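Order of the sequence lines fixes the chain letters, A, B, ..., with proteins taken first and strands second; residue numbering starts at 1 for each chain. Since the structure is predicted, the reported quantities are computational estimates derived from the model, not experimental observations.
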There are 2 protein chains.
Amino acid sequence: MTDLKTGANPLFLREEELRQAIEMLYFAYRDFTSEADAMLEKYGFGRAHHRVIYFVGRHPMISVSDLLDILKITKQSLSRVLGQLVRDGFIVQHRGTADRRQRLLELTAKGVEIERQLTEAQRQRIANAYREAGGDAVQGFRAVLLGIMDAPERGRFARRDQP
Amino acid sequence: MTDLKTGANPLFLREEELRQAIEMLYFAYRDFTSEADAMLEKYGFGRAHHRVIYFVGRHPMISVSDLLDILKITKQSLSRVLGQLVRDGFIVQHRGTADRRQRLLELTAKGVEIERQLTEAQRQRIANAYREAGGDAVQGFRAVLLGIMDAPERGRFARRDQP
DNA sequence: GACGATATGTCAACAACACTGACTTATTTT
DNA sequence: AAAATAAGTCAGTGTTGTTGACATATCGTC
């Protein structure tokens with residue numbers, strides 16, 4: 001009744017299915033970042049720099065504390081990386097007008113360019129995977145990833161048809 | 001003609017779609033590992049220890065070089081982590097019988113137990129996400145992740161109906 | 001049986017990136 | 001005026017990866 005030979009035991013299949021998902025996430029995420037990681041080396045930067053560049057590009061004039069909320073790292077960790085990026089001219093800081101304590105972050109032209117280069121390989125991977133898998137698969141992909149992440153994070157990906 | 005206001009410009013939508021995918025991967029992967037990361041601290045271990053424990057559990061009697069092939073790290077990086085796990089009694093090494101140069105790795109009972117605990121939260125996340133998203137979504141999720149990872153890695157997830 | 005290749009391990013130095021803890025400055029809010 | 005907030009800084013620590021060099025045991029082949 002346990003059906004070990006045929007692999008039809010539902011519990012066994014389920015365990016295998018879950019482990020495959022764990023491993024697919026690991027391999028896909030690692031490969032996903034590999035080209036950008038290689039490119040970053042040439043600038044003497046690491047993955048943390050890419051994250052900062054990416055999210056500043058995505059949210060121009062973001063405050064330091066809002067960026068910390070997204071990245072969920074300490075300000076000491078951020079400051080090392082951000083300091084380099086400002087010194088090297090990839091990011092500029094603007095004093096806030098409403099609240100002058102804030103340092104609002106923005107990519108320079110140089111910053112926009114490196115962001116484009118770094119993210120291009122990742123965009124390509126996603127675009128190819130989406131195209132090959134098809135629209136229904138994309139919806140499934142998004143649904144499962146949303147289910148995996150912590151609930152508060154899901155708000156960042158609200159559906160367009162909801163005001 | 002560019003339709004900026006309505007958001008109906010297909011290029012614009014596509015860019016937004018790709019960026020959402022990039023971010024979903026980042027947030028989902030980070031949250032996915034958070035419980036295990038917290039548990040590992042209590043043992044004085046890091047995420048690297050979890051990976052070794054996981055893959056040794058998944059491939060009992062795996063050789064060191066095969067494990068290195070999966071993890072794609074240097075043997076020096078592995079040796080630090082593996083050495084700790086062996087010293088602390090989570091993994092045992094068996095001399096290979098066919099090739100006595102090999103050190104085949106296996107979890108101890110203690111190792112099996114910590115593996116179960118560490119992976120449990122991840123299994124739960126996947127199981128919940130799979131259940132909520134449904135079977136078709138799971139297929140889509142797998143298809144897209146397979147498309148994102150490097151082609152050679154895809155072989156690890158062969159379909160069951162192919163011999 | 002000698003010799004080159006392979007599997008594994010080890011020592012040392014280094015870099016990236018996260019952390020904690022303590023403290024400062026400027027500005028806003030109460 | 002006092003408390004809270006935004007941001008920055010200094011110092012120390014730990015994990016995890018890297019490169020390079022070298023050692024030992026075993027296997028496979030000529």
Side-chain angles (χ1 to χ4, degrees), chain A residues 26 29-30 33-34 36-56 61-88 91-106, chain B residues 26 29-30 33-34 36-56 61-88 91-105 118:
Chain A
Y26 169 62
Y29 192 76
R30 187 186 60 186
T33 61
S34 61
D37 287 349
M39 212 174 311
L40 286 158
E41 271 186 56
K42 296 172 192 161
Y43 292 87
F45 290 160
R47 199 177 292 180
H49 297 79
H50 187 187
R51 284 191 201 123
V52 171
I53 288 172
Y54 179 89
F55 284 111
V56 170
M61 301 299 274
I62 191 176
S63 72
V64 172
S65 54
D66 284 352
L67 182 54
L68 287 174
D69 278 349
I70 291 177
L71 295 173
K72 291 197 169 60
I73 58 176
T74 61
K75 62 177 174 178
Q76 295 95 322
S77 293
L78 173 61
S79 102
R80 193 189 327 113
V81 171
L82 182 56
Q84 284 177 268
L85 292 171
V86 170
R87 267 194 301 284
D88 294 357
I91 288 178
V92 278
Q93 294 172 305
H94 306 277
R95 174 151 307 192
T97 48
D99 185 338
R100 287 168 47 81
R101 289 172 303 179
Q102 292 182 330
R103 299 292 180 275
L104 306 180
L105 308 173
E106 195 184 23
Chain B
Y26 169 62
Y29 191 75
R30 186 186 61 188
T33 60
S34 61
D37 287 349
M39 213 175 309
L40 285 158
E41 271 186 57
K42 294 173 193 158
Y43 291 88
F45 290 160
R47 198 178 293 180
H49 298 81
H50 186 187
R51 286 193 199 121
V52 171
I53 288 171
Y54 179 87
F55 283 111
V56 170
M61 301 300 272
I62 191 176
S63 71
V64 171
S65 53
D66 283 352
L67 182 54
L68 287 174
D69 278 349
I70 291 178
L71 296 173
K72 290 196 171 58
I73 59 175
T74 60
K75 64 177 174 177
Q76 295 95 321
S77 295
L78 174 60
S79 103
R80 197 186 318 113
V81 172
L82 181 56
Q84 284 176 268
L85 292 172
V86 170
R87 266 194 300 283
D88 294 358
I91 288 179
V92 278
Q93 294 172 307
H94 306 276
R95 174 151 309 193
T97 48
D99 185 339
R100 287 167 48 82
R101 292 172 302 180
Q102 293 182 330
R103 300 291 180 274
L104 305 179
L105 308 174
L118 286 172

Distance in angstrom units between B:Gln102 CD and D:dG28 P, rounded: 10 Å
Atom NE2 of B:His50 to atom P of D:dG17: distance rounded to whole Å? 14 Å
Rounding to a whole Å, what distance do you find between A:Glu41:CD and C:dA16:P? 10 Å
Could you tell me whether the side chain of B:Leu85 reaches within less than 4.5 Å of the side chain of B:His49, counting heavy atoms only? yes
Interatomic distance where CZ belongs to A:Arg103 and C1' belongs to D:dT5 [whole Å]: 13 Å
In this structure, CD of B:Gln76 is separated from CG of B:Leu68 (nearest 0.5 Å) by 9.5 Å
Is the backbone N or O of A:Leu71 less than 3.5 Å from a side-chain atom of B:Arg30, with the two atoms forming a donor-acceptor pair by type? yes
Ignoring hydrogens and angles, answer whether the base of D:dG20 and the side-chain atoms of B:Gln76 contain a donor-acceptor pair closer than 3.5 Å. yes
Once you apply a heavy-atom cut-off of 4.0 Å, does B:Gly44 come out as touching a base, just sugar-phosphate, or nothing? sugar-phosphate
Report the distance from atom CZ of A:Phe55 to atom CG of A:Leu105, rounding to the nearest 0.5 Å. 13.5 Å
5' priority, DNA chain C, between A:His49 and A:Lys75 [closest heavy atom]: A:His49
Please determine, for the side chain of A:Ser79, which listed nucleotide (D:dT9, C:dA12, D:dA7) has the closest atom? D:dT9
Return the CD1 to CD distance between A:Ile62 and A:Gln102, rounded to the nearest 0.5 Å. 10.5 Å
Reading DNA chain C from 5' onward, which residue's closest nucleotide shows up sooner: A:Arg51 or B:Ser63? B:Ser63
For the pair made of CG in A:Leu82 and P in D:dG8, what is the distance, rounded to whole Å? 7 Å
Sugar-phosphate, base or nothing in reach of B:Ser65, heavy atoms under 4.0 Å: sugar-phosphate
A:Arg101 side-chain proximity, nearest of D:dT5, C:dG9, C:dA7: D:dT5
Ignoring the backbone of A:Arg80, work out which of C:dA18, D:dT26, C:dT8 is nearest its side chain. C:dA18
Name the nucleic acid region contacted by A:Arg47, choosing base, sugar-phosphate or nothing; use a 4.0 angstrom heavy-atom cut-off, strictly under. sugar-phosphate
Nearest whole Å is fine: how far is C:dG9 C1' from B:Arg87 CZ? 12 Å
Please classify the nucleic acid contact of B:Gln93 as base, sugar-phosphate, or nothing, using heavy-atom distances under 4.0 Å. sugar-phosphate
Side chain of B:Ser77 - closest among D:dG17, D:dT19, C:dT28: D:dG17
Mind calculating the distance between CZ (A:Arg95) and P (D:dT5) to the nearest angstrom? 20 Å
A:Phe45 CZ to C:dA15 P, in whole Å, measures 16 Å
